[in-house]
Engineer: 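Quick one: the structure is below, and I'll ask about it shortly.
Below, each value reflects all heavy atoms present in this structure, side chains not excepted, and no hydrogens, waters or symmetry copies.
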Amino acid sequence: YFDVGPGLSIDHIEEGPAAEVWVYEHPELRQTLAPDGRFRFEGFAPGMEVTLCLEAPGYVPIMTATFTRGASDVERVTFQVLSDDIRDAVTDILLTVSLDPDTCQLATTVTAADTWDSGIWAPGEPGATVRLTPAVDPATGPFYFNQDVMPTPTLRETTTDGGVLYVNVPVGDYVMAGDKAGVTFDPVTLKCRAGWLVNASPPYGVQAR
């Protein structure tokens, strides 16, 4: 969990409210998040799409990127769960944007190579840009985060934070890809649904190889 700290800092909270985790494609599959933050879903056949959702009181409803079940398990999936206060500070103060409840917000961390063991603290790959397919209105983003983890409208590429945000994105299915000379990135599939933050967080974001 993340909440607003002094001076608009973003603070990590070890213990937050009880959260429910469920599978978007199979909403009957749901469970309460364990105190240690662990969860597990089973029974998916190869080729099935799986998008994980998390809801907790006082926090923005959040979805992961969409995984296509392969031959092996998908492990170490993370949620970067943001408080309602962070959402309001980012949109109202930093970006001066009013959120449309009929749209979603899309985010990722453009992550440096060889950072699998870093979890949500994986360092970003600086100097990269991202793009969505299908394309969206440039007014929606991308907004890149500065080294203090703040989205900054004047930035035109990633910093070592790696954070990227699109706001008020029309509902639909998107692919987000990264670009930087000499670097290859894994793209991510994002299911934009009204009222949700869809965050492809490490180690399953736009990952450099």
Engineer: Nearest 0.5 Å please: distance from the OG1 atom of Thr189 over to the CG atom of Asp173.
Structural biologist: 8.0 Å

Engineer: Using 0.5 Å steps for rounding, measure from the CZ atom of Phe143 to the OH atom of Tyr166.
Structural biologist: 10.0 Å

Engineer: Which one of Leu197, Leu165, Leu190 satisfies the side chain to side chain contact (heavy atoms under 4.5 Å, CB included) criterion with Leu106?
Structural biologist: Leu190

Engineer: For Val60 versus Ser83, what's the shortest heavy-atom pair and its separation?
Structural biologist: CG2-O, 3.8 Å

Engineer: Starting from Val188, can I reach Val167 by hopping between I/L/V/M/F/W/Y residues whose side chains sit under 4.5 Å apart?
Structural biologist: no

Engineer: Starting at CZ of Arg38, measure out to CZ of Arg76 and round the result to the nearest 0.5 Å.
Structural biologist: 9.5 Å

Engineer: Taking side chain as C-beta onward, heavy atoms only, is Asp179 less than 4.5 Å from Phe185?
Structural biologist: no

Engineer: Could you give me the CA-CA distance, side-chain angles and deciding distance for Arg40 and Glu42, then say whether salt bridge (Lys or Arg N to Asp or Glu O under 4.0 Å) is met?
Structural biologist: CA-CA 7 Å; Arg40 182 179 181 88; Glu42 299 179 324; 2.8 Å; yes

Engineer: Quick one: does Thr91's side chain have a donor or acceptor within less than 3.5 Å of a partner on Arg87's backbone?
Structural biologist: yes

Engineer: Would you name the heavy atoms of Pro142 and Val130 that are closest together and state the gap between them?
Structural biologist: CB-CG2, 3.8 Å

Engineer: Determine whether Phe39 and Phe79 satisfy the following criterion, ring-ring contact (aromatic ring centres under 6.0 Å, His included), listing intermediate values before the conclusion.
Structural biologist: CA-CA 11 Å; Phe39 59 92; Phe79 290 97; 5.8 Å; yes

Engineer: Side-chain donor-acceptor pair under 3.5 Å between Thr51 and Thr66, yes or no?
Structural biologist: yes

Engineer: For the residue pair Trp22 and Gln31, confirm or rule out a side-chain donor-acceptor distance under 3.5 Å.
Structural biologist: no

Engineer: Locate the shortest heavy-atom distance separating Thr111 from Pro202; write the atom from each residue and the value.
Structural biologist: OG1-CG, 3.8 Å

Engineer: In this structure, would Phe41 and Leu33 fall into the same cluster of hydrophobic residues linked by side-chain contacts under 4.5 Å?
Structural biologist: yes

Engineer: Does the side chain to side chain contact (heavy atoms under 4.5 Å, CB included) test come out yes or no for Thr64 and Val77, once each step is laid out?
Structural biologist: CA-CA 8 Å; Thr64 65; Val77 177; 3.9 Å; yes

Engineer: With a 4.5 Å cut-off on side-chain heavy atoms, are Pro153 and Leu95 touching?
Structural biologist: yes

Engineer: So do the side chains of Met176 and Arg131 get within less than 4.5 Å of each other, counting heavy atoms only?
Structural biologist: no

Engineer: Between the side chain of Asp137 and the main-chain N/O of Ala139, is any donor-acceptor distance below 3.5 Å?
Structural biologist: yes

Engineer: Please find the pair of heavy atoms, one from Ala208 and one from Val183, that lie closest to each other, and give the distance.
Structural biologist: CB-CG1, 3.7 Å

Engineer: If I take atom CD from residue Gln105 and atom CE from residue Met63, how far apart are they, to the nearest 0.5 angstrom?
Structural biologist: 13.0 Å

Engineer: From Leu155 CG over to Thr158 OG1, what is the distance, rounded to the nearest 0.5 angstrom?
Structural biologist: 9.5 Å

Engineer: Apply the test side chain to side chain contact (heavy atoms under 4.5 Å, CB included) to residues Tyr144 and Thr129: give CA-CA distance (whole Å), side-chain angles for both, the deciding distance (0.1 Å), then the verdict.
Structural biologist: CA-CA 9 Å; Tyr144 297 100; Thr129 59; 3.4 Å; yes

Engineer: Could you tell me whether Asp102 and Arg193 have a side-chain N and a carboxylate O separated by less than 4.0 Å?
Structural biologist: no

Engineer: Is the CG atom of Asp114 crowded by more than 12 outside heavy atoms at less than 6.0 Å?
Structural biologist: no

Engineer: Please give me the minimum heavy-atom distance between Thr108 and Ala200, naming the atom from each residue.
Structural biologist: OG1-O, 2.8 Å

Engineer: Could you tell me whether Lys191 and Glu49 have a side-chain N and a carboxylate O separated by less than 4.0 Å?
Structural biologist: yes

Engineer: Within the 3.5 Å criterion, strictly below it, is a donor on Thr140 or Asn168 matched to an acceptor on the partner's side chain?
Structural biologist: no

Engineer: I need the minimum non-hydrogen distance between Leu54 and Trp196, along with the two atoms involved.
Structural biologist: O-CZ3, 3.9 Å

Engineer: Can you find a side-chain donor-acceptor pair between Asp161 and Gln147 that sits under 3.5 Å?
Structural biologist: no

Engineer: Run the side chain to side chain contact (heavy atoms under 4.5 Å, CB included) check on Phe44 and Leu29 step by step: do they pass?
Structural biologist: CA-CA 11 Å; Phe44 302 109; Leu29 298 178; 3.8 Å; yes

Engineer: Begin with the C-alpha distance, continue with both residues' side-chain angles, and end with the deciding distance and a verdict on side-chain hydrogen bond (donor to acceptor under 3.5 Å, both in side chains) for Asp186 and Gln207.
Structural biologist: CA-CA 5 Å; Asp186 290 336; Gln207 172 74 51; over 6 Å; no

Engineer: Take Leu132 and Val175, measure what side chain to side chain contact (heavy atoms under 4.5 Å, CB included) needs, and give me the verdict at the end.
Structural biologist: CA-CA 6 Å; Leu132 287 178; Val175 173; over 6 Å; no

Engineer: Using disulfide (SG to SG under 2.5 Å) as the criterion, list what pairs up with Cys53, not counting sequence neighbours.
Structural biologist: none

Engineer: To the nearest 0.5 Å, tell me how far Thr109 OG1 sits from Asn199 CG.
Structural biologist: 6.0 Å

Engineer: Which is it for Trp116 and Tyr204 under the ring-ring contact (aromatic ring centres under 6.0 Å, His included) test, yes or no, and what are the steps along the way?
Structural biologist: CA-CA 9 Å; Trp116 172 264; Tyr204 297 105; 5.6 Å; yes

Engineer: Does the pair Thr159 and Asn146 meet the rule for a side-chain hydrogen bond (donor to acceptor under 3.5 Å, both in side chains), with working shown?
Structural biologist: CA-CA 6 Å; Thr159 67; Asn146 65 24; over 6 Å; no

